[in-house]
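Throughout, a chain's letter reflects where its sequence line sits, starting with A, and its residues are numbered from 1.
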Amino acid sequence: MNLQTTSAVELQRLLNDGSLSSRELVDRCAERISDQEPSIGAFLTLSLDTAKAEAAASDERRRRGALLSPWDGIPVAVKDNICTRGLRTTCGSRMLERFVPPYDAAVVERLRTAGLPVLGKTNLDEFAMGSSTENSALQRTCNPRDTQRVPGGSSGGSAAAVAAGESPWALGSDTGGSIRQPAAFCGVVGIKPTYGTVSRYGLVAYASSLDQIGTFGRRVRDAASLLQLIAGHDARDSTSLPAETLQLGSDDPSVRGLRVGLPLEYLEHGLNAEIHQAVMDAVRRLEEAGAVVQELRLPLTDYAVETYYLIATAEASSNLARYDGVRYGYRAEADDSRGMFEMSRTEGFGDEVKRRIMLGTYALSAGYYDAYYKKAQQIRTMMRREYESAFEQVDVLLTPTSPTTAFAFGDKSTPLDMYLQDIFTVTSNLVGIPAVSLPCGEDSHKLPIGLQIMGPHFSEARLVETAEWLERQRNGGDSHDL
Amino acid sequence: MYLLINREDVKKTAELARLRLTDDEIDDYQNTLSEILEAANRLQDVDTAAVDPAAHAVESVNVYRDDVPKPGLDRDDVLRNGPHVVDGFFRVPRIMEE
Amino acid sequence: MTYEPVIGLEIHVELLTATKLFCGCLTGFGAQPNSQCCPVCLGLPGALPVLNRRAVEFAVMAGLALGCRIHTRSKFDRKNYFYPDLPKAYQISQFDLPFCVDGAVSFELDGGPSEAGITRVHLEEEAGKSVHSGDSILGSTYSSIDYNRSGIPLIEIVTEPDLRSPEAAKAFLEQLRTTLQYTGVSDCKMQEGSLRCDANVSLRPVGQEPFGTKVEVKNMNSFRAVERALAYEIHRQTGVLTGGDTVSQETRAWDEARGVTVSMRSKEESHDYRYFPEPDLMPVTMEAPWIEGLRARLPELPLARKRRFCRDFSLSHDEAYQLTQSRETADFFEAAAALHPSPKAVSNWINGELARLLNEAGVAITVSPVTPEMLSKLLDYVKAGTISSTAAKDVLEDMFVTKRSAELVIKEKGLEQISDSDAIGSVVQAIIEAHPEEAAAFRAGKDKVLGFFVGQVMREMRGKANPQVVNELLRQKLRN
């Protein structure tokens with residue numbers, strides 16, 4: 001068994017037929033981690049001892065026939081902005097470098113009650129603000145496909161851990177593309193579900209109305225299965241939706257009659273020709289299999305990045321105000337409380353976080369609210385309508401995940417350059433719709449290209465089926481081994 | 001070059017956000033924020049008259065919990081992450097403002 | 001020039017829910033510091049608020065009791081500011097769509113009716129509590145923060161600038177407190193901080209329509225302090241204006257010890273709260289049947305009850321007012337009045353002797369050792385002439401201490417009046433016979449002599465004879 005290429009679905013089979021124990025699996029992950037981490041740096045904190053004990057407990061349950069879930073014993077990596085009781089949760093920030101949460105996030109509870117050992121916490125752009133994981137104050141994470149390049153972000157650590165075979169699957173969070181873009185850069189699958197599908201309780205907030213936890217897997221079915229496991233209503237999150245159980249995956253995926261929309265705004269603006277080609281290849285295969293492809297226009301896409309950044313930074317400026325040095329986190333001493341607040345925040349936050357706090361504070365301040373924040377929220381309403389009417393004509397939208405493949409460290413030198421990385425991904429967060437990114441080819445540097453499939457609210461099953469069909473096409477019909 | 005916001009705006013914003021900036025940083029922020037806001041001003045091209053702002057990605061109403069007590073955190077857990085805890089209180093240096 | 005004060009109040013009232021506004025932590029007062037906290041009310045990273053249904057109901061009930069209109073669609077907003085005891089550095093509050101608007105409170109001032117408009121009532125969360133080292137916030141070197149209070153539900157009530165004197169402000173507050181206490185949504189204890197009040201005050205020349213520059217006054221810890229602080233502030237502003245200066249817009253703190261207000265911050269330093277809709281909470285909609293259901297849960301409010309007491313029990317305005325100042329006292333009265341034929345007597349005894357005993361013992365009327373039933377029995381004995389009013393006071397005191405029935409106490413003390421005509425008649429007869437000269441004087445028209453006979457009879461019967469019966473019998477027998 002090659003851990004780097006074996007899907008979680010296959011691992012499940014191996015555990016079930018007795019040819020692999022959970023403890024062996026976690027040991028193999030631990031070996032792989034110690035082998036890869038020096039060059040990848042995906043994890044900020046490891047919890048391998050606990051994971052091994054949990055794996056042994058899982059094996060014991062298996063012997064007794066008392067498995068907690070079909071995925072009992074398959075380990076997972078968790079993005080370090082998701083709270084884990086007793087295991088430090090840093091958000092990639094000096095501010096929380098030593099913060100040990102006294103509680104588990106709702107999704108972590110679900111992992112535990114399903115019997116999944118947690119391998120550790122993965123690196124991210126500080127407070128999930130960034131598209132390359134370069135904004136982590138604690139560590140650099142490299143793209144396993146080319147260590148001179150970034151893994152994408154903000155969930156770069158989770159994407160890299162899965163791509164490097166350190167963990168079969170992983171949790172991430174996606175506020176404007178933070179799962180999908182690193183999935184595309186690292187050549188793995190990432191799913192951002194409908195807003196409200198997964199509880200945000202315990203996810204350290206960046207932009208509350210956009211944040212959503214999602215999953216990474218080496219295969220579509222893996223990411224979908226992990227999502228199924230963490231999805232569901234949670235009374236502790238008022239925005240959690242009372243949705244029925246997510247039914248994902250089909251043994252015989254089909255795209256016949258599927259209405260596929262190709263939004264032209266996502267394919268213009270001098271899009272990289274290789275990425276364009278890879279997307280069109282997928283379109284051609286879908287058409288050949290009986291899907292109905294139509295081009296359409298979503299004009300508000302041109303305003304998506306600006307709309308996103310105004311809303312996200314406004315919410316962030318408020319969400320990150322609590323880091324004041326009083327109850328937890330970094331504290332600088334000063335003569336009075338105000339000085340203590342200012343010094344703690346000035347020293348505890350990195351540049352990008354401060355930039356976004358400044359932008360968001362400005363956008364909300366007296367005299368500017370209507371021009372910036374309110375305007376953006378109004379455009380958000382219009383975008384929702386625009387996408388709703390698009391989804392009257394088509395079942396899914398097909399777009400590139402990112403305008404580029406993985407770029408080199410330091411390549412995006414200005415904030416605005418970096419923000420434009422998110423141009424294809426932010427809309428699904430603004431509108432709250434689900435989106436999947438899956439590998440759809442490579443560029444001339446052998447770097448993976450990501451294909452994004454978006455659908456209306458609660459269309460995860462359709463997205464997963466389409467993605468799985470495309471995945472099988474690329475892999476010659478076998479979706480269980482690369 | 002014309003900048004959308006001035007140094008005073010930057011200073012006032014930093015004060016509101018409880019961040020301290022050096023003079024160089026103020027210049028930097030004046031430039032970057034101006035550039036970003038300049039881009040954001042494109043939104044004024046969109047006619048949003050009579051459009052309700054959307055505060056949520058997915059709308060819903062009346063999400064309640066019942067008024068039933070739930071166990072909170074152990075006091076040790078409440079205080080454990082506190083940078084300066086004395087006698088069960090979080091201590092802060094003197095408060096100069098109301 | 002004569003100036004007229006224009007006063008508006010901003011009142012914060014803690015609601016009596018079992019748990020906090022957005023989490024299941026307890027709200028009880030006086031627990032160990034930081035022992036009633038969870039990730040939500042501590043503002044830990046990742047924690048999220050979930051709205052307490054009862055807090056919403058209480059806020060709307062308060063609004064209804066204050067005559068407000070209820071918005072069918074409301075939402076919560078974040079009010080952003082930094083302060084050590086504000087754990088998230090924003091307070092979840094309501095900005096442009098409060099639950100309740102456009103109400104009014106009627107109250108009495110100098111014996112006449114008065115009214116103040118209620119602009120709005122909204123729901124928000126409490127901050128934690130800062131304990132400052134040293135004597136005052138200014139002299140302290142550090143502060144200690146306790147988050148037990150953080151997240152307790154609070155309503156903010158804002159009045160129209162309708163009040164015209166410190167006395168009016170005080171009378172309004174008293175009526176507001178009584179009204180809210182009646183609804184049961186708050187205990188309104190100013191000493192424990194469950195009711196707090198800030199005031200806006202400005203002056204304008206009498207007859208002038210536009211308001212003058214307003215000053216916000218904070219840090220008043222009792223209704224008396226509100227009255228004093230307003231009086232001081234009116235005096236101060238009058239001085240400023242009379243001296244030809246202008247009042248500057250600012251926030252001032254009442255210094256109770258020195259009896260003055262002190263400037264805290266000017267308008268230029270005022271906050272920019274950067275309100276925006278709370279993304280972690282969904283909007284609240286209120287359908288008419290739901291609102292009417294809450295209205296039906298409201299008790300009869302103090303003013304209506306007072307009017308009914310005047311009408312149905314023929315009580316004076318003052319008596320009824322006194323009885324209805326607390327819902328519990330009014331309840332006690334109604335329970336006793338239902339058992340005893342004279343509401344006037346019940347009222348007198350509750351407002352008089354019983355109030356005194358309760359007050360001296362520091363006991364609430366709800367747990368009075370003398371129940372309405374016991375009091376009504378006692379008054380029955382007085383009415384029947386079994387004991388005198390004077391004796392009844394002693395009996396009540398005994399009942400209050402021993403919790404025994406009036407009957408038992410009267411028997412034990414031997415306080416029963418003798419009203420039996422035969423028993424009294426024979427004493428009367430004997431006394432008349434023993435004083436023939438006085439009897440002759442009475443018959444000759446000297447009415448005054450009757451008092452002498454009464455005294456003699458009462459002395460003979462050791463004060464237990466029913467004076468009415470003694471009088472009647474004396475007249476009757478002297479004439480014969």
Checking heavy atoms, do the side chain of [X], its backbone, both or neither come under 4.5 Å from chain B?
| X | value |
| --- | --- |
| A:L310 | side chain |
| A:A371 | both |
| A:V431 | backbone |
| A:M358 | both |
| A:L359 | both |
| A:L210 | neither |

Mind ranking [options] by heavy-atom pairs under 4.5 Å with chain A and telling me who comes out on top?
| options | result |
| --- | --- |
| B:V58, B:V63, B:L43, B:V85 | B:L43 |
| B:L73, B:I5, B:L79, B:L37 | B:L37 |
| B:A17, B:A14, B:G82 | B:A17 |
| B:V10, B:L16, B:L21, B:I36 | B:I36 |

For B:F90 and B:V78, what are the C-alpha separation, side-chain angles and deciding distance, and is it a side-chain contact (heavy atoms from CB on, under 4.5 Å)? CA-CA 10 Å; B:F90 294 95; B:V78 169; 4.1 Å; yes
Looking at [X] and [Y], what are the two nearest heavy atoms and their distance?
| X | Y | answer |
| --- | --- | --- |
| A:A205 | A:L320 | O-CD1, 3.7 Å |
| A:G329 | B:P83 | O-CG, 3.6 Å |
| A:G432 | B:A57 | CA-CB, 3.7 Å |

Output all donor-acceptor pairs under 3.5 Å across chain A and chain B; consider backbone as well as side chains.
unit_1	atom_1	unit_2	atom_2	d
A:R85	NH2	B:D77	OD2	3.3
A:V100	N	B:N81	OD1	3.1
A:V100	O	B:N81	ND2	2.8
A:D302	O	B:R42	NH1	3.1
A:D302	O	B:R42	NH2	3.2
A:E306	OE1	B:R42	NH1	3.2
A:E306	OE2	B:R42	NH1	2.8
A:R327	O	B:G82	N	3.3
A:R331	NH1	B:R91	O	3.2
A:R331	NH2	B:R91	O	2.9
A:S337	N	B:R94	O	2.8
A:S337	OG	B:P93	O	2.6
A:E342	OE1	B:R20	NE	2.7
A:E342	OE1	B:R20	NH2	3.2
A:R345	NE	B:A17	O	3.0
A:R345	NE	B:R18	O	3.4
A:R345	NH2	B:A17	O	3.1
A:T346	OG1	B:R20	N	2.8
A:R355	N	B:Y29	OH	3.4
A:A371	O	B:Q44	NE2	2.9
A:Y372	OH	B:N41	OD1	3.3
A:K375	NZ	B:V46	O	2.8
A:K375	NZ	B:T48	OG1	3.0
A:Q377	O	B:A54	N	3.0
A:Q377	NE2	B:A54	O	3.2
A:Q378	OE1	B:T48	OG1	3.1
A:Q378	NE2	B:V51	O	3.0
A:T381	OG1	B:D52	O	2.5
A:T381	OG1	B:A54	N	3.1
A:R384	NH2	B:H56	O	2.7

The reported gap from CG in A:L96 to SG in A:C83 (rounded to nearest 0.5 angstrom) is 8.5 Å
